[in-house]
Amino acid sequence: MIAVNPLDSASVLAAFGALGVLAVVFAESGLLVVGFFLPGDTLLFPAGVLCAGSAQQPPRLALWQVLVCAAIGAVVGGQVGYLIGRHGGRALLARTRGGRVKGAAARAERLLARYGYGKALVIGRFVPLLRTVLHPVAGALGVPARTFTLWQTVGGVLWSQTLVLAGYTLGASVPHIDDYLLLLVGVVIVLSLLPLLPEVRRAHRARRDRRDSTR
C-alpha cells in the first residue's frame, strides 16, 4: 500500500496522477476548513511540469487529462462551496475556531464588496487561503446563483489552466526541471503569497492606528 500525504503535491501526483489533481483542487475550491490546508497552486504547477516530456524521458502525466481534471475540480468545487454557504455557511464559519479561516472569510467579504461579484470571483481564485472561503462566503451573502456560476467558472478555468500550462511550458523549455520540483514548489508558494501583502500591510496600519488612538 502506498502512503499518501494529501498535503504533499509530489506524493499526490505520484499516487493518483490527474485524478489526484481533480480531488485536491475540488476540495481546496470549496470544502472550507478541509480545503484550507490542501495544496492548489503548488499542485497544479508541478503537474504541468510532469506533463512535459523530453528526448530521454516521456511525459509522466497526460497534459489533456490534467487540464480537464483541474478545470472540473475547480468549477465543481466552487459550486459545492457556494451551496455550503447558501445552506448554513454563516453558522459553520461562526463555529470555526481557526483564526486564519475567519480572517480569510472577512477578506473574502471585503473583496466581494469592493470589486463586485464578477471581478472578485476571478481575482479571488489566484489568492491562496482566500479562494477556499470565497465561494462559501458568496453563498452565505446571497450572491445570485447565475452570476456566481458564470464568474466562478471563468475564474476557476483561468486559474487552473494558467498554472498547468505555465508548468508545462517551463518543463518543455528547461531540461530536467522536474529534478527540482521541491524548489519550484517553494517558488510558487512565495509568488502565490504576494497578493496577500497589501492586505497584511493594511491590517498592520489599522492595528498601529488603533494603538495610536488609545494613547
Side-chain angles (χ1 to χ4, degrees), residues 9 18 20-48 51 63-87 89 93 100-101 103-169 188-199:
S9 57
V21 172
L22 191 155
V24 170
V25 171
F26 167 82
E28 200 220 16
S29 295
L31 294 190
L32 205 54
V33 179
V34 174
F36 209 67
F37 302 98
L38 294 175
D41 298 337
T42 56
L43 179 72
L44 293 172
F45 191 84
C51 292
L63 179 61
W64 74 268
Q65 292 179 353
V66 172
L67 289 171
V68 170
C69 286
I72 291 174
V75 173
V76 177
Q79 289 299 128
V80 170
Y82 177 80
L83 291 175
I84 290 173
R86 286 291 290 265
H87 302 283
L93 286 170
R100 292 203 309 171
V101 177
R107 288 197 299 272
E109 193 164 347
R110 289 196 297 271
L111 186 72
L112 288 164
R114 180 179 180 183
Y115 292 107
Y117 300 149
K119 188 180 294 186
L121 289 167
V122 174
I123 293 173
R125 278 286 189 173
F126 292 85
V127 183
L129 310 182
L130 181 61
R131 63 174 159 262
T132 301
V133 300
L134 179 61
H135 306 130
V137 167
L141 292 176
V143 175
R146 183 176 299 179
T147 299
F148 174 83
T149 300
L150 171 63
W151 290 110
Q152 80 90 5
T153 298
V154 171
V157 171
L158 185 62
W159 166 67
S160 62
Q161 309 302 280
T162 297
L163 282 172
V164 173
L165 291 174
Y168 175 80
T169 301
V188 171
I189 291 174
V190 172
L191 293 176
S192 64
L193 290 176
L194 290 180
L196 295 176
L197 291 181
E199 184 70 26

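Just so you know, residue 1 is the first one in the sequence shown, and it goes up from there.
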Tell me whether [X] contacts the main-chain N or O of [Y] through its side chain, where contact means a donor paired with an acceptor under 3.5 Å.
X      : Y      : result
Glu28  : Thr132 : no
His135 : Gly77  : no
Arg86  : Ala145 : no

Over all atoms of both residues, closest heavy-atom pair of [X] and [Y]:
X      : Y      : value
Ala70  : Val25  : O-CG1, 3.8 Å
Val127 : Ile123 : CG2-O, 3.7 Å
Gln152 : Ala74  : OE1-O, 3.8 Å
Ser29  : Arg125 : OG-NH1, 3.0 Å

Roughly how far apart are [X] [atom1] and [Y] [atom2], rounded to 0.5 Å?
X      : Y      : atom1 : atom2 : result
Ser160 : Leu22  : OG    : CG    : 10.5 Å
Phe26  : Leu31  : CZ    : CG    : 5.0 Å
Leu134 : Arg131 : CG    : CZ    : 10.5 Å
Leu43  : Leu163 : CG    : CG    : 10.0 Å
Leu150 : Tyr117 : CG    : OH    : 14.0 Å

Applying the side-chain contact (heavy atoms from CB on, under 4.5 Å) test to Leu44, which of Val66, Val24, Val21 qualifies? Val21

Applying side-chain hydrogen bond (donor to acceptor under 3.5 Å, both in side chains), name anything that partners Thr149, two or more places apart in sequence or on another chain. Gln79

Compare all side-chain heavy atoms of Leu165 with those of Leu67 and state whether any distance is below 4.5 angstrom. yes

Just jot down the ring-ring contact (aromatic ring centres under 6.0 Å, His included) partners of Tyr82, sequence neighbours excluded, or say none. Phe148

